[in-house]
Amino acid sequence: MKSSVIVCLFLTLLIAVTMAKPADKSRVKEEAKLSDEEHYGQDEHNPDYDHDAFLGHEEAKTFDNLSPEESMERLGKIVEKIDKDKDGFVTEEELKEWIIHQQSRYIYDDVDRQWKGHNIDGNQKISWDEYNQTTYSGLSEDELTRMKENDHMDFSTMIRRDKKRWKVADLDHDGELTYEEFVGFLHPEEKPHMREIVVEETMEDIDKDGDGFVNIEEYIGDMWPKSEREKDGAVEPDWVVSEREQFFAFRDKDGDRKMDKEEIGQWILPEDYDHSEAEAKHLIYESDTDKDGQLTKAEILAKYDLFVGSQATDFGEALTRHDEF
């Protein structure tokens with residue numbers, strides 16, 4: 001009888017977690033990038049990187065072949081939105097703000113959706129009880145830890161990590177999360193105060209021997225699963241060879257053949273490089289004909305292929321959504 005109850009509880013929880021658990025609250029795998037495209041390949045500039053950076057990946061991928069005239073017309077409307085002070089010039093700061101805005105859209109879309117799903121009473125905060133109810137069917141940590149664990153769903157680890165991340169996200173320590181605190185909980189890479197918990201979760205996942213460091217085999221093992229390595233005739237792919245070189249050349253900064261927490265942090269969330277700022281500088285450098293450090297609408301349209309190429313997205317959505325920009 002007891003085993004039947006446990007099985008029922010397990011199935012109930014499995015359904016609840018599948019239906020209600022945040023779509024992607026796994027650990028941060030690597031530093032946030034403006035595009036999955038390489039900016040430069042074999043010394044050649046790749047404009048697709050700039051399209052993703054300027055429009056956001058989801059917008060850029062919806063581009064379809066348009067004439068240059070249509071592309072420029074739509075780009076012109078975007079330029080008017082970027083020029084927030086309406087002085088006729090797009091500055092580096094305005095361009096950087098626009099890039100950040102476009103890159104963060106998918107994050108806030110995700111948070112909006114999950115906020116509605118977890119905020120049961122519809123007020124200005126989500127309590128841990130609400131989150132627990134919608135994610136774990138309201139079961140206690142003790143009940144969860146008694147359930148059978150498997151490789152795909154370790155409830156004990158899940159709830160322990162959720163509670164720890166929740167506590168760090170809760171800046172005013174009232175046990176509940178505001179909307180912005182909830183952003184940090186779901187997407188910790190977006191909030192500086194969540195950096196340490198990101199590093200801790202990464203270390204916990206990769207440091208298999210628990211010595212507080214990540215060696216080369218643990219690093220590669222996290223990217224190239226054992227199941228793939230052990231397949232008959234498996235040969236180490238070129239990208240794995242490249243990652244080994246990256247580990248010793250860039251990840252292991254002090255040359256001790258392993259990564260500590262500080263090195264993990266610089267790998268996952270580097271503090272010394274601002275992708276959005278670098279892209280804004282690049283776009284201005286390539287488009288600023290009179291070299292005054294800012295762009296006119298005419299200068300941007302003259303280089304429309306750099307910003308949007310010969311294709312353009314559904315700018316209607318970019319123009320009507322997020323009017324607060």
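No experiment lies behind these values; they were computed from the predicted model shown.
- The two residues W267 and M223 have their closest heavy-atom pair at CZ2-CE, 3.7 Å.
- Remark: side-chain polar atoms of D238 are not paired, donor with acceptor, to backbone N or O of S242 under 3.5 angstrom.
- Hydrophobic clustering (ILVMFWY, side-chain heavy atoms < 4.5 Å, transitive): V183 and F185 are in one cluster.
- Panel note: side chain D260, backbone F213; no donor-acceptor pair is recorded below 3.5 Å.
- Within 6.0 Å of atom CD in E262, 12 or fewer heavy atoms from other residues, nucleotides or ligands are found, so the atom counts as exposed in its surroundings.
- Under the side chain to side chain donor-acceptor pair (under 3.5 Å) criterion, K167 pairs with no residue at all, not counting sequence neighbours.
- M194 is linked by a side-chain contact (heavy atoms from CB on, under 4.5 Å) to R165, V168, A169, P188, K191, I197, counting only residues two or more places apart in sequence or in another chain.
- For the side-chain contact (heavy atoms from CB on, under 4.5 Å) test, no residue two or more places apart in sequence or in another chain qualifies with K116.
- Here D209 pairs with D207, D211, N215, E218 under the side-chain contact (heavy atoms from CB on, under 4.5 Å) rule; sequence neighbours left out.
- Residues satisfying the side-chain contact (heavy atoms from CB on, under 4.5 Å) test with P237, not counting sequence neighbours, are W224, W239, V240.
- The hydrophobic clustering, which links ILVMFWY residues whose side-chain heavy atoms are closer than 4.5 Å, places L301 and I284 together.
- The shortest distance between side-chain heavy atoms of E94 and D85 falls below 4.5 Å.
- Using a 4.5 Å cut-off on side-chain heavy atoms (C-beta onward), E279 and S276 make no contact.
- Under the 30°/60° scheme for interplanar angles, the aromatic rings of F182 and Y131 are found to stand perpendicular.
- Checked for salt-bridge contact, K96 and E277 meet the test: a charged N lies under 4.0 Å from a carboxylate O.
- Taking the charged nitrogens against the carboxylate oxygens, K84 and E97 do have a contact shorter than 4.0 Å, which makes a salt bridge.
- Separation of atoms CD1 (I206) and CG (D222) is listed at 4.0 Å; rounding is to 0.5 Å.
- Using a 4.5 Å heavy-atom cutoff, the side chains of K163 and I159 are in contact.
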Worked verdict on H118 versus L186 for side chain to side chain contact (heavy atoms under 4.5 Å, CB included): CA-CA 12 Å; H118 294 293; L186 294 179; 5.8 Å; no
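- Considering only residues two or more places apart in sequence or on other chains, E92 meets the salt bridge (charged side-chain N to carboxylate O under 4.0 Å, His left out) condition with K281.
- Counting all heavy atoms, side chain and backbone alike, L295 lies closest to L283 at CD1-O, 4.3 Å.
- Side-chain contact between Q246 and R251 is present, with at least one heavy-atom pair separated by less than 4.5 Å.
- Here D83 contributes atom CG and I78 contributes atom CD1; the two are 13.0 Å apart, rounded to the nearest 0.5 Å.
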E200/K164 under salt bridge (Lys or Arg N to Asp or Glu O under 4.0 Å): CA gap, chis, key distance, verdict: CA-CA 11 Å; E200 285 185 20; K164 190 170 185 179; 2.8 Å; yes
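- The environment of CZ in F250 is sparse: at most 12 heavy-atom neighbours from other residues, nucleotides or ligands sit within 6.0 Å.
- In E196, the CD atom is not crowded: 12 or fewer heavy atoms of neighbouring residues, nucleotides or ligands sit closer than 6.0 Å.
- Scored by the side chain to side chain donor-acceptor pair (under 3.5 Å) test, E176 finds no partners at all (sequence neighbours excluded).
- Q114 places no side-chain N or O within 3.5 Å of a backbone atom of V111 that could act as its donor or acceptor partner.
- The ring pair (Phe, Tyr, Trp, His ring centres under 6.0 Å) test applied to F247 returns Y219, not counting sequence neighbours.
- Qualifying salt bridge (charged side-chain N to carboxylate O under 4.0 Å, His left out) partners for R244, counting only residues two or more places apart in sequence or in other chains: E217, E236.
- The closest side-chain heavy-atom distance from I126 to W166 is below 4.5 Å.
- For the side chain to side chain donor-acceptor pair (under 3.5 Å) test, residues two or more places apart in sequence or in another chain that qualify with E204 are R160.
- By the 4.5 Å heavy-atom criterion applied to side chains, E263 and D252 are counted as neighbours.
- With sequence neighbours left out, Y179 forms a side chain to side chain donor-acceptor pair (under 3.5 Å) with D112.
- Looking at I107 and E190, their side chains come closer than 4.5 Å, going by heavy atoms from C-beta outward.
- Salt bridge present: R161 and D205 bring a charged side-chain N and a carboxylate O closer than 4.0 Å.
- Remark: R229 CZ is packed, more than 12 non-hydrogen atoms of other residues, nucleotides or ligands lying under 6.0 Å away.
- Between Q294 and D288, the closest side-chain pair of non-hydrogen atoms is not below 4.5 Å.
- Pairs engaging residues 291-304 under the salt bridge (Lys or Arg N to Asp or Glu O under 4.0 Å) rule: E80-K297 [sequence neighbours left out].
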